[in-house]
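Residue numbers run from 1 in the order of the sequence given. In this text the structure is predicted, and so the values were computed from the model without any measurement. Whatever order the structure lists ligands and atoms in, that order sets their numbers, starting from 1.
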Amino acid sequence: MAYKPSTIAIHNGLNEDQQFGCVVPPIYLSSTYNFTDFNQPRVHDYSRRGNPGRDIVQKTLAQLEGGSGAVMTNSGMSALHLLCTVFLQPGDLLVAPHDCYGGSYRLFNSQSQRGAYQVQFVDQSDESALQKALDKKPKLVLIETPSNPLLRIFDIQHIAHLAHEAGALVVVDNTFLSPILQQPLSLGADFVVHSCTKYLNGHSDIVAGVVIAKDEKWAIELAWWANNIGVTGGAFDSYLLLRGIRTLSPRILQQQRNTQEIVKYLKSQTLVKKLYYPELEDHPGHQIALKQQKGFGAMLSFEFAGDELQLRRFLSALSLFTLAESLGGVETLISHTATMTHAGMSAEARAQAGITDSLLRISVGIEDPQDLITDLEQAFQVAAQR
Ligand SMILES: Cc1ncc(COP(=O)(O)O)c(C=O)c1O
């Protein structure tokens, strides 16, 4: 049988340069392209519409997720905004998770307040609440699994089936796992969205997003609108994103191994009240995660058991865990959800989503896991001092 390389090995644009034989595809910074003659444009005419580097990264992302086309955007938010712009008109309903990323929540809420479309936030694990929302015939259903920040797991195949029966299109935000650990299109989704700022780029040095479509006709429509409203990704970011994707698999697998070590350690800590990680057998989504994911990922969160002063002492004693928003980079980050990533939600909305003021979220990096555990150990000791 002929050797079949992995998808990452074959679709990353390497060795495609005919002129100089560059192994790595070059960056084309030109914003405009000359016409060969009157009314004779080349493949590209203007970089907002198309750029050779962005073409490669879009093809790579589409193939990694098993889609027919992809549009790289200048942020994860603009990827979501693009989808809503294309598929929702005033009066149309979007069904979104009640505990989605705070920025997504703010976008849908503010757009619905100005009449762009309607939104209903639903606990998608509550079958009857979900069915009630689907009975209103939404045009679009967004699934975010694992959810941010509580790592709730939703059954993509099941929700996609129900949503399709109701006549809706289904989008999955796959930012938390990447196509290495979960491929929503194969589970019935119509679109996948990523904040490429996270695992796909992996080095916390760009902000970018992508929409990947299962159906080619949607990919073409999304590309037209992305150019029309001007949300496409830039040339330099395309280059960095493609470079990041080349190491996606080893990065995320190492990050996942480190997370498993840290979870083992946190389980026995007195200042840890509740631990959220889908590998834990008492995690309500454990069985679904086993079925639909190829791994449990590298994000975890936990309720800190001390008071606010202790929490502050714990955070400032950490040295390898940077107090910062975002996730998915090679460095470990810790965030206080209520004042950082989910500050865009009202206190009531956070409470409804189960996000408390003592919740901490960790994006585990590729450092030596023992160094990370030693750092946690000394920070817990500082926090525990009276
Ligand atoms: C799950 C999820 N989706 C979307 C976004 C938005 O992406 P960006 O920050 O690239 O605009 C984020 C950002 O944190 C996220 O965590």
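A side-chain donor-acceptor contact under 3.5 Å links Glu303 and Thr356. Under the 3.5 Å distance criterion, with hydrogens and angles disregarded, no donor-acceptor pair is assigned to the side chains of Gln89 and Lys139.
Distances between N or O atoms of Ser195 and those of ligand 1 include at least one value under 3.5 Å. In terms of polar-atom proximity, defined here as any N/O pair under 3.5 Å, Val207 makes no such contact with ligand 1.
Selection from Ser363, Gly209, Gly76 by nearest heavy atom to atom 8 (P) of ligand 1 gives Gly76.
With a 4.0 Å cut-off on non-hydrogen atoms, Glu325 does not touch ligand 1 at all.
Numbered from 1 in the order shown, with element, the atoms of ligand 1 that lie under 4.0 Å from a heavy atom of Asn148 read 16 (O). When each atom of ligand 1 is checked for a heavy atom of Asp173 under 4.0 Å away, the hits are 1 (C), 2 (C), 3 (N), 4 (C). Taking every heavy atom of Ala208 and a limit of under 4.0 angstrom, the matching atoms of ligand 1 come to 10 (O).
The minimum heavy-atom distance between Phe35 and Pro41, with the atom names listed, is CD2-N, 3.5 Å.
Nearest protein neighbour of atom 13 (C) of ligand 1, counting heavy atoms only, is Lys198 NZ, 2.7 Å. Looking from atom 15 (C) of ligand 1 to the surrounding protein, the closest heavy atom is Tyr101 CG, 3.6 Å.
Checked against the 6.0 Å centroid criterion, the rings of Phe191 and Phe87 qualify as a close aromatic pair.
Using the six-membered ring where Trp is involved, Phe302 and Phe380 have ring planes that are tilted, between 30° and 60° apart.
Checked for salt-bridge contact, Asp155 and Lys291 meet the test: a charged N lies under 4.0 Å from a carboxylate O. Taking a cutoff of 4.0 Å between a charged side-chain nitrogen and a carboxylate oxygen, Glu261 and Arg257 do not qualify as a salt bridge.
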